[in-house]
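Below is one structure; the comments refer to it alone.
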Number of protein chains: 2
Amino acid sequence: MDETPGLRERKKAATRAALHEAALQLAIDQGVDGVTVEAIADAANVSRRTFSNYFSGKEEAIFHGDTVRLRRMLELIRAQPADDQPWTALTRAALQLAEETYLGNEEWLTRRRLLRGHPSLAAHQVAAFAVVERELAAELAERLSGDDVALRARVLAAIFLTTMRVAVQDSTEHPDRPLLDVVAAALAAAAPA
Amino acid sequence: MDETPGLRERKKAATRAALHEAALQLAIDQGVDGVTVEAIADAANVSRRTFSNYFSGKEEAIFHGDTVRLRRMLELIRAQPADDQPWTALTRAALQLAEETYLGNEEWLTRRRLLRGHPSLAAHQVAAFAVVERELAAELAERLSGDDVALRARVLAAIFLTTMRVAVQDSTEHPDRPLLDVVAAALAAAAPA
DNA sequence: TACAAAACTTGCCCAGTAGGCAAGTTTGCC
DNA sequence: GGCAAACTTGCCTACTGGGCAAGTTTTGTA
């Protein structure tokens with residue numbers, strides 16, 4: 001395997017990460033509405049035009065972290081044993097991700113909390129979770145059999161993702177309760193018959 | 001009860017409906033990206049500025065119909081017997097709404113199909129469904145007992161709404177299958193344990 | 001190592017957009 | 001009738017997304 005994906009790719013990843021970080025921090029400091037794309041680009045030492053080559057708007061930049069985590073979750077799901085029950089596989093992957101996320105980045109939830117409740121952000125978060133829906137449905141279709149596999153896979157994917165979203169949102173509103181707890185409880189409440 | 005909510009309110013409702021209708025039709029005719037807010041306002045005989053007093057963007061205007069239907073669904077859910085199992089109440093309400101929607105407006109799905117697959121629209125649709133999530137959660141909390149009522153109500157609300165969204169999206173992609181069928185199958189697949 | 005092709009950045013540009021403000025108009029109510 | 005509240009409109013401005021073309025960096029190949 002290729003350890004280094006090439007200089008070009010590494011630079012792009014760095015720029016993307018810098019823009020994300022700048023967007024997040026500025027949004028926290030000045031409020032989402034108080035930040036301009038230009039300010040974000042400046043903070044990341046890049047032109048405003050380049051920002052547009054990476055993200056389609058500041059909200060997308062702010063939620064880049066979620067996008068990355070969601071992709072990671074897809075990986076984890078694909079890595080689950082093929083003969084697990086689908087919901088079991090999803091639950092395991094979700095708990096693994098929650099653990100990883102929490103260990104690797106303790107301040108994650110704290111920073112989230114600082115931009116909670118903004119309506120346009122909430123809308124974008126919902127959308128961010130929905131983006132991987134089709135990909136996840138395709139994966140789940142492989143693990144299902146019987147009638148209506150396509151529809152059932154889609155429903156399962158949507159349910160799972162929306163449950164994760166609710167767990168995360170709920171976590172930002174109840175700082176006292178461990179993330180793993182909330183995720184586990186939410187997934188248990190959502191488990192299909 | 002007051003039959004007439006007053007001239008002012010009726011006019012507002014009419015303007016809103018006209019803007020929605022214009023937005024929908026123009027988006028179908030010229031493509032979502034080809035339509036400007038100004039064109040929509042013109043078609044509804046209203047100034048561009050007034051459009052902004054009603055909707056925050058063309059996507060919101062396009063999905064106004066969904067918003068109305070979702071509010072109607074909330075009503076139907078509240079009207080279900082208080083001692084029904086929550087998921088039973090939700091299922092009944094959903095099927096009633098599907099019937100109403102289909103009977104009252106046969107071309108609804110047909111027109112939807114014409115603007116399927118546009119990414120920015122998909123994102124807004126997801127958001128439109130998520131808007132009522134908290135309201136629905138509050139209603140469902142009344143019907144639950146035991147531990148973690150708040151979280152479980154929220155998860156249930158989110159699951160239900162996302163399932164309805166998937167059913168509708170799936171319906172626009174499979175014109176042959178009756179909407180009621182798809183809704184019933186989706187809700188069955190989503191039913192929590 | 002050299003160098004052409006591909007990919008990326010940037011500045012310039014423009015049409016579209018949200019929303020503040022103030023003047024004019026319509027509706028509700030006594 | 002007449003006043004107050006609500007709504008519409010035009011004007012204005014800062015911000016945005018994305019097309020284009022020129023300049024720069026990386027990559028693959030010879």
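Both backbone and side-chain heavy atoms feed into the values below; hydrogens, waters and symmetry mates do not.
- Between A/E21 and A/R16, none of the side-chain N atoms (NZ, or NE/NH1/NH2) sits under 4.0 Å from a carboxylate O, so this pair counts as no salt bridge.
- If you check the side chains of B/T91 and B/T88, you find no donor sitting under 3.5 Å from an acceptor.
- The pair B/R78-B/E139 counts as a salt bridge, with a side-chain nitrogen and a carboxylate oxygen less than 4.0 angstrom apart.
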Could you go through nucleotides 15-19 of chain C and list every protein N or O atom that sits under 3.5 Å from one of its N or O atoms, giving the distance for each pair?
unit_1, atom_1, unit_2, atom_2, d
C/dT17, OP2, B/V37, N, 3.1
C/dA18, OP1, B/S56, O, 2.6
C/dG19, O6, B/R48, NH2, 2.7

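- Mapping B/R8 and B/T50 onto DNA chain D by nearest heavy atom places B/R8 at the nucleotide closer to the 5' end.
- With B/D66 as the partner, the salt bridge (charged side-chain N to carboxylate O under 4.0 Å, His left out) test is satisfied by one option alone out of B/R165, B/R72, B/R71, B/R112: B/R112.
- Regarding B/N53, its CG atom lies at a distance of 14 Å from the P atom of C/dC21, rounded to whole Å.
- Under the 4.5 Å side-chain heavy-atom criterion for ILVMFWY residues, a single connected hydrophobic cluster contains both B/V166 and B/L109.
- Under a 3.5 Å cut-off, the side chain of A/S56 and the backbone N or O of A/S52 do not form any donor-acceptor pair.
- In the 5' to 3' direction, nucleotides of DNA chain D lying under 4.0 Å from heavy atoms of chain B begin and end at D/dA5 to D/dC12.
- Proximity of a side-chain donor or acceptor of A/T50 to a complementary backbone N or O of A/V46 within less than 3.5 Å is not detected.
- Looking only at atom types and distance, the side chain of A/Q169 has a donor-acceptor partner in the side chain of B/R154 under 3.5 Å away.
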Please list, one pair per line, the donor and acceptor atoms closer than 3.5 Å that link side chains of residues 29-42 of chain B to other protein atoms, with sequence neighbours excluded.
unit_1, atom_1, unit_2, atom_2, d
B/D29, OD1, B/Q25, NE2, 3.2
B/D33, OD1, B/H118, NE2, 3.3
B/D33, OD2, B/H118, NE2, 3.1
B/T36, OG1, B/A39, N, 3.0

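- Counting only distance, with no hydrogens or angles, the side chain of A/R152 and the backbone of A/D147 share a donor-acceptor pair below 3.5 Å.
- Using a 4.0 Å cut-off on heavy atoms, none of the residues of residues 15-27 of chain B approach DNA chain D.
- Overall, the helix from C/dT1-D/dA30 to C/dC30-D/dG1 carries an axis bend of 30° between its ends, with five pairs at each end and the value rounded to 10°.
- Expressed to the nearest 0.5 Å, how far CD1 of A/I77 lies from CD of A/Q96 amounts to 10.0 Å.
- In terms of the ring pair (Phe, Tyr, Trp, His ring centres under 6.0 Å) criterion, residue partners of B/H20 (sequence neighbours excluded) are, by chain and number, B/H64.
- Of all heavy-atom pairs between B/L115 and B/A27, the closest is CD2-CB, 3.8 Å.
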